[in-house]
Enquirer: 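Sharing a structure below in structure tokens format, with a few things to ask.
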Amino acid sequence: MRLDDLLRGSLHDVAQGLLGWTILRDGVGGRIVEVEAYAPDDPASHAFRGRTRRNGSMFAAPGTLYVYRSYGIHWCANVGCEPEGTGAAVLLRALEPTAGLAEMRARRGNVRDRDLCSGPGKLTEALGITAADDGVRLGIPPYVLEPPHVAPDVVTTPRVGITKATDLPWRYLIRGTRWASRGPRPASP
DNA sequence: TGGGCGATTCGCT
DNA sequence: GCGAATCGCCCAC
């Protein structure tokens, strides 16, 4: 599967389809194990109230990175999806670190390896993603995405940390992963 | 034009 | 388990 083909799919297909892919920024990164989908008509989405200065890159071409400041402290990274111009996006929530571990440890400070990328704010810090990456296109340097050899089993749960549309089961994880963020864990196999 | 709040994380209890 | 840190957006005044 090529990245462009994956990104051509609908929001939830892209969200689930991103699981197992390896995302690298300047060679540092890992396997995507947890994501959440945010739809255009979704009250929990930043795109719900239309385009603003902050969320402009949500409305760009599929595969565009939308990076925003969370709680004034952390950066969170989303992948823009089809249909282009609607604000549909997938939030990257956790990675299994596979490349550039030393770099990630240096950026993340004194944390256990399983906490290097186990959260949306953690993985951006580990990969060095900041506002400067907002609007950047995935799949071209410094961002490389590698597909999984085998599509992973997917577990679905409600999304984490939001106050609106909390019932929608739009969080997707690789079944059995130990690299997910806090919050509801996937059911045991 | 300003107060409240959020797709979070970490340290201390 | 709870609360602080901290900034831009949103909506009400």
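Every chain is numbered from 1 and lettered A, B, ... according to where its sequence line falls, protein lines coming before strand lines.
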Enquirer: Find the distance A/Arg112:CZ to B/dC10:C1' and express it as a whole number of Å.
Expert: 12 Å
Enquirer: Return no unless some side-chain N or O of A/His46 is found under 4.0 Å from OP1 or OP2 of C/dC9.
Expert: no
Enquirer: Over how many whole Å does the gap from A/Arg93 atom CZ to B/dT9 atom P extend?
Expert: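 One finds 7 Å between P of B/dT9 and CZ of A/Arg93, rounded.
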Enquirer: Scan every strand shown for a Watson-Crick or G-U wobble partner of C/dT6, both distances under 3.5 Å, and answer none if you come up empty.
Expert: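 In the structure as shown, C/dT6 has no Watson-Crick or wobble partner.
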Enquirer: Decide side-chain hydrogen bond (donor to acceptor under 3.5 Å, both in side chains) for A/Ser10 and A/Glu82; before the verdict, give the C-alpha distance in whole Å, the side-chain angles of both, and the deciding distance to 0.1 Å.
Expert: CA-CA 6 Å; A/Ser10 65; A/Glu82 296 280 9; over 6 Å; no
Enquirer: Distance check: side-chain N/O of A/Arg49 vs OP1/OP2 of C/dC11, anything under 4.0 Å?
Expert: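 True: A/Arg49 side-chain N/O within range (under 4.0 Å) of C/dC11 OP1/OP2.
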Enquirer: Less than 4.0 angstrom between a side-chain N/O of A/Lys164 and OP1 or OP2 of B/dA7, yes or no?
Expert: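 No, outside the criterion.
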Enquirer: Would you kindly give the CZ-to-P distance between A/Arg171 and B/dT8, to the nearest whole Å?
Expert: 10 Å
Enquirer: What about A/Tyr71: does its side chain form a donor-acceptor pair under 3.5 Å with the base of C/dA5?
Expert: no
Enquirer: Considering only the P atoms, how many Å lie between B/dT13 and C/dA5, rounded to the nearest integer?
Expert: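 After rounding to an integer number of Å, I get 15 Å for this pair.
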Enquirer: Between C/dG8 atom C1' and A/Tyr66 atom OH, what is the distance in whole Å?
Expert: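 Nearest whole value for this atom pair: 10 Å.
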Enquirer: Using the benzene-type ring in the case of Trp, are the ring centres of A/His46 and A/Tyr68 under 6.0 Å apart?
Expert: yes
Enquirer: Closer than 3.5 angstrom, by distance alone: can the side chain of A/Glu125 be matched with the main-chain N or O of A/His74 as a donor-acceptor pair?
Expert: no
Enquirer: Given A/Ile32 and A/Ile174, is the side chain to side chain contact (heavy atoms under 4.5 Å, CB included) satisfied, shown in steps?
Expert: CA-CA 8 Å; A/Ile32 300 171; A/Ile174 293 181; over 6 Å; no
Enquirer: Verify the contact: side-chain N or O of A/Arg108 to OP1 or OP2 of B/dC10, cut-off strictly under 4.0 Å; return yes or no.
Expert: yes
Enquirer: Using atom P of each nucleotide, how far apart are B/dA7 and C/dC11 to the nearest Å?
Expert: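 Roughly 13 Å separates the two P atoms.
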Enquirer: Can you tell me, in whole Å, how much space there is between the P of B/dC12 and that of C/dT6?
Expert: 16 Å
